[in-house]
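Got a structure for you, questions after.
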Amino acid sequence: MRSSEFAVGRRLCANAEGAAAAAPPEAPKKERRVSPLEAGGTLKGAEAAGKDASAVAKNVVLGAADTSQKVLQLEDGRFVDYRWTDGRWDLSKFASAGGKMDWDAWNKVIDAEMARRKILEESPIPSTNEEPVFFDTAEIPWWAWVRRFHLPEAEKLNGRAAMVGYFLAYFVDQLTGFGLADQQNSFLGKLALHVVVFAVLIFRTSSTIPMYKNLLDEATFYDRQWAATWDGQARPSETEKP
Amino acid sequence: MNNCKPCGGAIPLCMVDEFDLPADIIDRKVTKMKMISPSNREVDVGKTLSETEYIGMCRREVLDDYLRTRAKKHGATVLNGLFMRMEQATADGPYTVHFNSYKDGGKVGKPETLEVDAVIGADGANSRVAKEIDAGEYDYAIAFQERIRIPEDKMDYYKDLAEMYVGDDVSPDFYGWVFPKYDHVAVGTGTVINKTGIKQYQQATRDRSKVKTEGGKIIRVEAHPIPEHPRPRRCKGRVALVGDAAGYVTKCSGEGIYFAAKSGRMAAEAIVEGSVKGTRMVGERNLRTYLDKFDRKYWATYKVLDILQKVFYRSNPAREAFVEMCESDYVQKMTFDSYLYKTVVPGNPLDDVRLLVQTVGSLLRGNALRQGANSLPEAASSGRRCLSAAAKAADDPSLGCPVEYIDLRGTSIDQPAVCKYTGNKYYSDDWQAH
């Protein structure tokens, strides 16, 4: 027997509150010390779930979400998630306080869709007419994509361009005596600046060069076979011009 | 002539008009096409079709027979035989074709010969004529297809709908399909780059369409080669190749029937024109006219589909983008117009630009999700498939089994991993030490 089922989101621990709710209503004798369960821990609210706790653990502590809700599971060949209804992500389940779809909310949608695709890629499930999938990645606004995926990358590339540029400018200065400002003002300097920036953009990692070569090969892969018929042959349409 | 060719059997609308096919050749009219992505996103293509537009599904045995009978009626002599070899006694002399005749209906053919002026090889992917003229090889895809008779209520769903599955589980470089046929469906898939895995891809296609096609009976299993590009030599002397024998199958859709019929007709027209209706001897030059015309007319079509296949069947994120893109009415209209009428009508430039932006956007988004997924912590995804099992006793936590991840690497039925809470035993049979 084996199971590719996957379960996150089970109850981790009993809720700390509420256990002492049924204290007997006795006559006030003395100030009794509150029991540990009543007093609670040293931290309150979401912080009580620990540092950098998972969303599920936080929900459990806050008692907010129903902990029996399933997150990112495959059950009997169906994808099950409490945020997934009618073939799309139910945005209201992701919304921040006040029902706003802000950056955090969209980021969670991206996370969820990413995980869903990964799960289905690893364990494909049948497509059914009962539960068609409609979620379109275009529903997530462009700025969420840019902020999530482009900005970190841009940061890296800008940093790289600045480092390479500064280093080269320093060398040129040492060798020729042209200062940074002079270099920027000359045509050659501007050209070199652009070369550096575009080179950094085009060749991002060492695997890029074989990738471009591969693309070129693929793009022209069957052209030779098409042309082979006409090797050393005159094409009638070219020779019989009226 | 009694053979039944393995073929999807979809014919474009323009073929019906151009070749004057009667309506009853078409068993089913497909007006909806469902594309299904690796994550099961589905898009119905065909919303833009008008009342009179459809993809005809035919059975090749019926279509071929009709075409043969019609040729006979117009004066052609039809011989049932198997081509063996041919020879040319003198450099410019006639060809002597040796073939095994099955005229008398025997199991073993009777060797016969025939003298002819020109030979057109239309004998499919394993062409013997091509071998005779040393036409060279082509790369080919293997297509595997099972014809399944499914229960009537399930068949009802497929009455005018074809399905197309994409994903690297279904095929690494092509697509899996469920096509409606006469009274059953054909479930199949194809691949060029990993032909040894075809059984596994077929199983995946069956699994993906499981709910819609289960309970059926497999009535026939077919496998056939699909050419990927033309043979290096398609014409030698007064011998020319057409159709699959020449290698005229498009990438991306894997369609060859229209181009086969069209190339056959063009070759015939070239001969009729070159021989001035049979009053003059034809030469290689006349046959080359056909090749020249065909290449000029269709090379771009083949190239575009080749590029589409390379871009969109490249990886799972690209396939997701492909399906997403097909939601657009403009894409659907353009695809169907080019498929049904085999002419590319230039669209509105503004729409083209919009389409380009949409496509690049879809591809970027798909790839971003995929790249991000690679860095997802294992706990957020299903982990190593089948190599970890999540044990849980029941939904009620009071039963005392929390979720536990069990590493199944190195386990077997004899040495299972045991859940330390419940005592359940787990093993994985698809794990192998490397």
Side-chain angles (χ1 to χ4, degrees), chain A residues 1-8 10-12 54 67-68 72-74 77 79 87 110-111 113-138 140 142 145 148-149 218-219 221-226 228-231 233 235-238, chain B residues 36 38-42 138 157 165 167 169 204 207-212 228-230 232-235 285 288-289 291-292 295-296 299 302 306-307 310 316 320 324 327 361-362 365-366 368-370 372-373 376 379-383 385-386 389-390 392 395 397 402-403 408 425-428:
Chain A
M1 152 183 179
R2 80 177 184 228
S3 155
S4 54
E5 268 182 28
F6 182 76
V8 193
R10 305 287 315 121
R11 181 181 292 268
L12 297 182
S54 69
T67 49
S68 68
L72 298 171
Q73 295 187 33
L74 291 184
F79 176 77
I110 293 180
D111 274 336
E113 176 65 5
M114 208 184 259
R116 187 182 77 89
R117 287 197 177 181
K118 183 164 184 178
I119 290 172
L120 294 191
E121 195 167 77
E122 287 171 352
S123 337
I125 57 172
S127 112
T128 62
N129 291 329
E130 290 73 31
E131 294 181 337
V133 176
F134 299 114
F135 183 73
D136 193 313
T137 51
I140 303 173
W142 63 271
W145 293 101
R148 170 70 182 262
F149 294 100
E218 274 186 29
F221 192 53
Y222 288 126
D223 289 0
R224 223 165 41 77
Q225 284 86 342
W226 272 97
T229 310
W230 303 108
D231 269 353
Q233 295 280 347
R235 294 186 77 144
S237 59
E238 278 163 8
Chain B
I36 297 157
S39 69
N40 279 348
R41 168 83 204 277
E42 53 187 62
Y138 45 46
Y157 168 66
Y165 290 87
D169 55 327
D207 287 346
R208 290 286 293 283
S209 64
K210 189 168 73 183
V211 179
K212 298 170 199 168
E228 285 283 283
H229 60 81
R233 173 186 275 166
R234 284 172 278 159
C235 171
R285 195 174 174 74
R288 283 208 173 262
T289 314
L291 284 182
D292 191 28
D295 281 12
R296 285 210 184 280
W299 179 82
Y302 283 88
D306 186 27
I307 293 171
K310 276 171 185 150
N316 273 353
E320 297 278 2
E324 219 169 79
E327 179 82 85
S362 281
R365 289 195 300 261
L369 285 179
R370 171 62 173 275
L376 274 191
S381 77
S382 66
R385 179 188 178 194
C386 305
K392 55 175 178 154
D395 282 332
V403 177
L408 297 184
K425 293 173 181 168
Y426 299 88
Y427 77 95
S428 157

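Just so we're clear, the structure is a prediction, and the values are computed from it rather than from any experiment. Chain naming here is simple, since letters A, B, ... match the order of the sequence lines and numbering starts at 1 in each.
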Quick check for you: among Leu120(A), Ile140(A), Thr137(A), which has the greatest number of heavy-atom pairs under 4.5 Å with chain B?
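Among Leu120(A), Ile140(A), Thr137(A), the one with the most close pairs to chain B is Thr137(A).
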Measure from the side-chain N and O atoms of Arg208(B) to the backbone N and O of Pro124(A), and report whether any donor-acceptor pair falls under 3.5 Å.
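Not confirmed, Arg208(B) side chain does not pair with Pro124(A) backbone.
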Lys210(B) side chain vs Pro126(A) backbone, donor-acceptor pair below 3.5 Å:
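No; judged by distance alone, with no hydrogens or angles, the pair does not exist.
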Beyond-backbone contact of Glu130(A) with Val211(B), side-chain heavy atoms, under 4.5 angstrom:
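Sidechains of Val211(B) and Glu130(A): in contact.
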Answer yes or no: is there a side-chain heavy-atom contact under 4.5 Å between Trp299(B) and Asp223(A)?
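Trp299(B) reaches Asp223(A) side chain to side chain.
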Give, for atom CG of Asp207(B) and atom OG of Ser123(A), the distance between the pair rounded to the nearest 0.5 Å.
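One finds 12.0 Å between CG of Asp207(B) and OG of Ser123(A).
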Which pair of heavy atoms, one from Ser127(A) and one from Glu42(B), lies closest together, and at what distance?
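Looks like OG-OE1, 4.1 Å.
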Relative to chain A, which segment of Glu228(B) carries a heavy atom at a distance below 4.5 Å: side chain, backbone, both, or neither?
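Both backbone and side chain of Glu228(B) come within 4.5 Å of chain A.
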Give me the atom names and distance for the closest heavy-atom approach of Arg288(B) to Trp230(A).
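For Arg288(B) and Trp230(A), the tightest heavy-atom pair comes out as O-CH2, 3.6 Å.
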What are the two closest non-hydrogen atoms of Asn40(B) and Val133(A), and how far apart are they?
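Of all heavy-atom pairs spanning Asn40(B) and Val133(A), the closest is O-CB, 3.3 Å.
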Using ring pair (Phe, Tyr, Trp, His ring centres under 6.0 Å) as the criterion, list what pairs up with Phe149(A), not counting sequence neighbours.
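Once residues adjacent in sequence are excluded, the partners of Phe149(A) under the ring pair (Phe, Tyr, Trp, His ring centres under 6.0 Å) criterion are Trp145(A).
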How many angstroms lie between OH in Tyr222(A) and NZ in Lys310(B), if you round to the nearest 0.5 Å?
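Rounded to the nearest 0.5 Å, the OH-NZ separation comes out at 6.5 Å.
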Tell me whether Arg296(B) at atom CZ has more than 12 heavy atoms from other residues, nucleotides or ligands lying less than 6.0 Å away.
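It does: Arg296(B) CZ has more than 12 such atoms within range.
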Got a second to check how far Lys118(A)'s NZ is from Leu369(B)'s CG, nearest 0.5 Å?
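Here the interatomic distance stands at 12.5 Å.
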Given that the side chain runs from C-beta out, which part of Tyr138(B) has a heavy atom under 4.5 Å from chain A: side chain, backbone, both or neither?
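No part of it gets close to chain A.
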Treating Asn129(A) as the side-chain partner and Lys212(B) as the backbone partner, does any N or O pair qualify as donor plus acceptor under 3.5 Å?
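Between the backbone of Lys212(B) and the side chain of Asn129(A) there is no qualifying donor-acceptor contact (under 3.5 Å).
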At what distance, to the nearest 0.5 angstrom, does CG of Asp231(A) lie from CZ of Arg233(B)?
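Asp231(A) CG to Arg233(B) CZ: 11.0 Å, rounded to 0.5 Å.
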Would Arg365(B) and Trp142(A) count as a cation-pi pair here, with the cationic atom under 6.0 angstrom from the ring centre and within 45° of the axis?
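Relative to the ring axis of Trp142(A), which defines the angle, Arg365(B) lies outside at least one limit.
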Under 4.5 Å from any heavy atom of chain A - which part of Asp292(B):
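Both backbone and side chain.
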If you count heavy-atom pairs within less than 4.5 Å of chain A, which of Ile307(B), Asp295(B), Asp306(B) leads?
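Of Ile307(B), Asp295(B), Asp306(B), Asp295(B) has the most heavy-atom pairs under 4.5 Å with chain A.
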Contacting moiety of Gln233(A), where chain B heavy atoms sit under 4.5 Å
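Side chain of Gln233(A) only, per the 4.5 Å heavy-atom cut-off to chain B.
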Looking only at non-hydrogen atoms, find the nearest pair between Pro230(B) and Gln225(A) and report the distance.
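In this case the closest contact between Pro230(B) and Gln225(A) is O-CB, 3.9 Å.
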Is any side-chain heavy atom of Asp136(A) closer than 4.5 Å to a side-chain heavy atom of Arg41(B)?
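A side-chain contact exists here, since the closest heavy-atom pair is under 4.5 Å.
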Looking at CZ of Arg370(B) and CE of Met114(A), how far apart are the two atoms once the value is rounded to the nearest 0.5 Å?
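Atom-to-atom, Arg370(B):CZ and Met114(A):CE are 11.5 Å apart.
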Tell me, for Pro38(B) versus chain A, whether the close heavy atoms (under 4.5 Å) come from the side chain, the backbone, both or neither.
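It is the backbone, since no side chain atom gets that close.
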